[in-house]
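This report refers to the structure that appears directly beneath it.
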Amino acid sequence: MNAVLQYTVQGLAAGSFYALAALGLAVIFGVLGVVNFAHGAFYMLGAVAAAVLLDTVGMSLWLALIVVPLLMLVFGMLVERLLVQWLLPLDPLYNLLLTFGLTLLLVDLVKRRYGVSGLPYERPDALSGRIQVAGVGLPVYQLFVIGVALLVCLGVWLLMTRTRVGMIVRAATERPELAGALGINVGRWVTPVFGFGVALAGLAGVLAAPFRAITAEMGSDFIIILFAVVVIGGLGSIVGAVVGGFLVGLVEAFGQAYAPTFAQVLIFVLMAVVVLARPAGLFGREEAAA
Amino acid sequence: MNKRRTVAGASILMTGVLVTAGCGAGGPSAGGGDFTDDKVVLALLNDASGVYKDVSGPNSKVAIQMAIDDYQEKYGDDAVVEDIEVTSADHQNEPDIANTKAQELYDREGADIILDVPTSSAALAVATQAKNKKKLYMNIGAGTTELTGAQCNKYTFHYAYDTWMLANGTGTVVTEEGDKNWQLIYPDYAFGQDMVKSFTGAIEAGGGKVGGTIATPFPNDNFATYITKAGAANPQVIGTMHAGGDLINLVKQYNDSGLKEKGIDLAVGLMFISDIHSLGVEAFEGTIFTDAWYWNLDEKSREWADRFLEETGDRPTYAHAGNYSAALQYLEAVQSAGTDDADAVVKELEGKKVDDMFLRNGEIRAEDHRVIHDVYLARVKGPDAVKEDWDYEEIIKTIPAEEAFRPAAESGCSM
């Protein structure tokens, strides 16, 4: 029982990174139709930025959780303005290739500047240690990660359902042609939405900094699992991204605990089962998969 | 149209380059009959951009150049060869690339010796090329004992470390000091499997037992559950066989797990000082591991490390120091042989006793070409004990050369 609780927390913590990043991926895909292959690299940049800011100006994790996503928002908007927008009228494949190339470039630049052994990161004392829950010591940091992820996901959900901007974005995500026909200027929202998606990946990166190795390559495997997450949740579905993220985290943790050799495979087995039962994913629309 | 012309132009240019290069490398030498091309070429083949870049990488080229400078300074006009070059290539940790690059280095670039080659599978590929081409190869960066075991050959030497030495150091000593009950976590590929075998042998020889082993995917960034699982078996120590980024992930998550406070130690199979530098000394505090060499060991090593720091801005890992020593001992052998002929140089090296900046009580064993030397059991200092950058290790035991490495009789090598 103790172990089950621990695995659950570990699974949800890992799932938090997936959920946040997948949320960004889903928003970008929804509004722009861009399969953003550079999302893993943006996650990496978030972690690297946090480490560099800590090292150079002594910025704490608390502040980095706000500053880094803002920087990533600006960076994302620049990427959209300078690169992505030119390829939007073309086959989506072009943007897939562009973002793939961007990944290679970013990974290499970080390697060149900061080497390959990774950067150190120290977490605030307040987030170290464990607290006792039902007789089990649970790491404070993992609980914190889960808390932040849930809060942000809730915030994004409120933003999407309760504000005018959210409704426009949602309309553009779910029925782009219809939204356009109703006179909603979808184009105006394209750049900030891309930036917002990138910021979410950056936020996941900051959260990962104290917990994982901060290397140029840290996004490479991450992006593969991320695609499994969005396929399971439903490509472009915001709720699907979040549910898919936590689900994949849990499958990974329990897989590692009870079938270590198959842990990674299990994620893709889950993906296959979901796709067989519901080709559009758990929360996807059928026509999107057609 | 234009494009076609460009391609055609480029092809002609490339052909020209290749023909010229071919002539340069293959042409007969003008004088000095004892040296092919009138020069000695040392080739560094390692990972220039990937996970092992900081462990060895481009800085090893600096180390080799330092050896050349030292050789030239020592012998001056008496040096048997004046023209000594160092060249390098990136094998990207891929055995097939290593194989092709080794052939190119030997054939086209006229390399007399290849140095380094981390990643065991790549190292074995280069050893095969060395054997076929009858040219020297001194391995520093790879850990497999196969190089001096079943796959040994006359032209291959193994410097610095191997999995037997790591297991014998960390596994045996930690067990003998009271941590009898182990759990091993390892990455599921050749190196990890080899390490588990070596460690299990060493732990059992020390009177301990391995309660369980857990294989993890490679590479991997989420180890929390594996660690909880290993801790649930209540061992005295968890041994990890991970390296590089995987090791850092694992240590971060072990520190979160609460096992440290419970008194369950973490022993690391393979660690380089660059790993400690990257994650910070706090995270690794108290971790025990086996080190082939430490830059702050004594005056002699420190002096060399200061020079290295001046050239590169970093302190050397033992792979850097090993590359220096291997290059230097090769040049010394060339000097006494008076030629770069591989067979003559091998004869000079075999059985040679060496005491240099890197090799302490060293011997280039003739039977299997294992280069034996003193190695060290080290503990990572706490942040308060660190007096300067890179001052991370407390040497808790010197393991004498004869005990540190697998005895020649057990190697299974026949040249």
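Chain naming here is simple, since letters A, B, ... match the order of the sequence lines and numbering starts at 1 in each.
- Between the B:Lys53 side chain and the A:Val116 main chain, no donor and acceptor come within less than 3.5 Å of each other.
- Only the side chain of A:Tyr7 comes within contact range of chain B, with heavy atoms under 4.5 Å apart.
- Here the closest non-hydrogen pair linking B:Pro217 and A:Gln264 is CG-OE1, 3.2 Å.
- Both the backbone and the side chain of A:Arg212 come within contact range of chain B, with heavy atoms under 4.5 Å apart.
- Among A:Glu217, A:Arg123, A:Met218, A:Glu252, the residue with the largest count of heavy-atom pairs under 4.5 Å with chain B is A:Arg123.
- For B:Ala224, the parts lying near chain A are the backbone and the side chain together; criterion is any non-hydrogen pair under 4.5 Å.
- The most heavy-atom pairs under 4.5 Å with chain A, out of B:Gly280, B:Gly258, B:Ala232, come from B:Gly258.
- Scanning both residues, A:Tyr121 and B:Lys252, for their nearest heavy atoms gives CB-NZ, 4.4 Å.
- Contacts between A:Gln256 and chain B at a heavy-atom distance below 4.5 Å involve backbone atoms as well as side-chain atoms.
- In this structure, no portion of A:Ala13 lies under 4.5 Å from any heavy atom of chain B.
- Side-chain atoms of B:Asp54 come within 3.5 Å of backbone N or O of A:Ser117 as a donor-acceptor pair.
- Of the listed residues B:Leu279, B:Asn222, B:Ile248, the one with more heavy-atom pairs under 4.5 angstrom with chain A than any other is B:Asn222.
- Residues B:Thr225 and A:Gln10 bring a donor and an acceptor atom of their side chains to less than 3.5 Å of each other.
- Neither the backbone nor the side chain of B:Asp246 has a heavy atom closer than 4.5 Å to any heavy atom of chain A.
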